[in-house]
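Working notes for the structure below.
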Protein chains: 2
Amino acid sequence: MTEAKEAAPAMPRLTGALEPRASWPATGCSLARAIDVVSTRSAFLLLREAFYGTSRFDDFATRAGISEPVAAARLRELVEAGLLTRAEYREPGQRARLAYRLTEKGADLFPALAALMEWGDRWLAEDGGPIGLRHRDCGEPVAVELRCAAGHRTSPGELDLVHRRR
Amino acid sequence: MTEAKEAAPAMPRLTGALEPRASWPATGCSLARAIDVVSTRSAFLLLREAFYGTSRFDDFATRAGISEPVAAARLRELVEAGLLTRAEYREPGQRARLAYRLTEKGADLFPALAALMEWGDRWLAEDGGPIGLRHRDCGEPVAVELRCAAGHRTSPGELDLVHRRR
DNA sequence: CCGTATCCACAACGATACTG
DNA sequence: CAGTATCGTTGTGGATACGG
């Protein structure tokens with residue numbers, strides 16, 4: 001575990017191409033919108049489980065460590081938001097089962113969760129964290145990176161924020 | 001804006017090297033720990049402002065669009081958690097001012113916020129979102145990627161989850 | 001197995017007013 | 001400018017019990 005530094009030695013900061021701007025209406029910010037969809041701890045935990053391959057209601061509640069009512073409410077919201085689908089799932093000779101699966105929209109959230117997990121591994125875990133990601137083809141560990149379209153790896157300090165016009 | 005698909009066409013899923021495992025104690029999961037630090041909407045919004053370069057209390061409250069009491073509470077927690085520092089900041093001939101600055105720990109959260117923003121741009125914005133990231137050196141747009149140590153770009157479906165042993 | 005119903009506790013937040 | 005104090009509302013979530 002790395003201790004929090006009281007005084008930052010290096011301080012990456014974004015130098016903006018943004019005007020001295022007054023305020024960010026929350027409605028226009030994609031980060032705010034994203035947070036409105038997955039605002040709660042339980043939503044994050046359920047999505048984590050979905051990525052781990054969990055598909056049944058009971059498993060979601062048990063493995064995420066949340067109560068059934070909360071699991072039910074959150075799963076419904078995630079389905080309504082289009083991150084999960086409820087599919088009925090009948091094997092021959094078996095009764096029907098329900099399976100919650102990630103949609104493309106939900107699956108696309110993976111880099112964000114991976115980035116959060118990586119940060120937790122680095123700053124909050126004593127031992128680097130319990131779970132690692134590996135590239136199946138080559139066995140190498142996988143990390144989240146910021147890259148520009150030209151392929152350069154970038155740090156926050158090398159970035160400009162720009163307003164998009166259309 | 002891309003509409004949520006009811007039935008997922010392609011479904012990236014992590015195939016685990018994890019045993020059929022019973023449950024994830026929330027205490028050991030780095031994602032859960034990370035969420036416990038930045039659980040709330042206001043914390044995310046304040047961090048966004050910090051990355052945008054905001055440093056003064058009033059600006060944080062106004063630009064994040066949250067009330068002063070909430071801003072005060074959240075800023076205090078973020079300082080306690082080691083993501084921000086309160087530095088006193090005196091220019092010659094001026095009275096002292098306070099400045100909240102990101103620590104290294106806080107700055108390291110940037111990829112996670114960028115990933116969330118990118119997801120919001122893709123799935124929740126009509127027009128690709130209001131803010132873009134550019135590499136200052138080459139002007140190319142910047143995106144979050146999952147890469148293995150060998151340099152391969154990977155998708156969630158190509159990943160294995162592994163338990164770390166030490 | 002897959003939830004819902006009910007109740008309660010507490011956290012998060014906005015609004016307003018006030019202080020150094 | 002940089003907060004604190006207080007109040008009321010809503011959201012989040014655990015516990016328990018119950019139904020398809």
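Fair warning: this is a prediction, and the values are worked out from it, not measured in the lab. Residue numbering restarts at 1 for every chain, and letters A, B, ... go by the order of the sequence lines.
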[X] side chain near [N] phosphate (N/O to OP1/OP2, under 4.0 Å):
X	N	value
A:Arg97	C:dC1	no
A:Tyr100	C:dG3	yes
A:Arg41	C:dA12	no
A:Ser39	D:dT12	yes

Whole-Å distance between [N] [atom2] and [X] [atom1]?
X	N	atom1	atom2	result
B:Leu78	D:dG3	CG	C1'	16 Å
B:Leu84	D:dG3	CG	C1'	16 Å
A:Asp59	C:dC1	CG	P	8 Å
A:Glu77	C:dG3	CD	P	15 Å
A:Leu46	D:dT12	CG	C1'	13 Å
B:Glu88	D:dG3	CD	C1'	14 Å
A:Leu75	C:dT4	CG	C1'	14 Å
B:Phe57	D:dT4	CZ	C1'	9 Å

(request) Please work out whether the ring planes of B:Phe60 and B:Tyr100 are parallel, tilted or perpendicular, with thresholds of 30° and 60°. (result) perpendicular
(request) Would you mind checking if B:Arg122 and A:Asp108 are paired as a salt bridge, meaning a charged N to carboxylate O distance below 4.0 Å? (result) yes
(message) Does this structure show an ion pair linking A:Glu80 with A:Arg74, if we count only N-O contacts that are shorter than 4.0 Å?
(response) no
Side chain of [X] only, heavy atoms from C-beta on: which candidate in [options] is closest?
X	options	result
B:Glu68	D:dC1, C:dC2, C:dT16	C:dT16
B:Pro69	C:dC2, D:dT4, C:dC13	D:dT4
B:Asp58	D:dT16, C:dG14, D:dA2	D:dA2
B:Arg74	D:dC1, D:dT4, C:dA12	C:dA12
A:Leu98	C:dT16, C:dG3, C:dC13	C:dG3
B:Ser42	C:dT4, C:dC13, D:dC1	C:dC13

(request) Tell me what A:Ser67 touches on the nucleic acid: a base, only sugar-phosphate, or nothing, going by heavy atoms under 4.0 Å. (result) base
(request) Whenever both distances are under 3.5 Å in a Watson-Crick or G-U wobble pair, mark it; put DNA chain D into dot-bracket that way, with [ ] for crossing pairs and | when the partner is on another strand. (result) ||||||||||||||||||.|
(message) Quick one, A:Arg147 and B:Arg153 - any side-chain contact, counting heavy atoms below 4.5 Å?
(response) no
Between [X] and [Y], is there a donor-acceptor pair closer than 3.5 Å when you use the side chain of the first and the backbone of the second?
X	Y	answer
A:Thr62	A:Asp58	yes
A:Glu49	A:Asp59	no
B:Trp119	A:Lys105	yes
B:Thr154	B:Leu146	yes

(request) Determine the interatomic distance between P on C:dC2 and the same-named atom on D:dA17; round to the nearest Å. (result) 22 Å
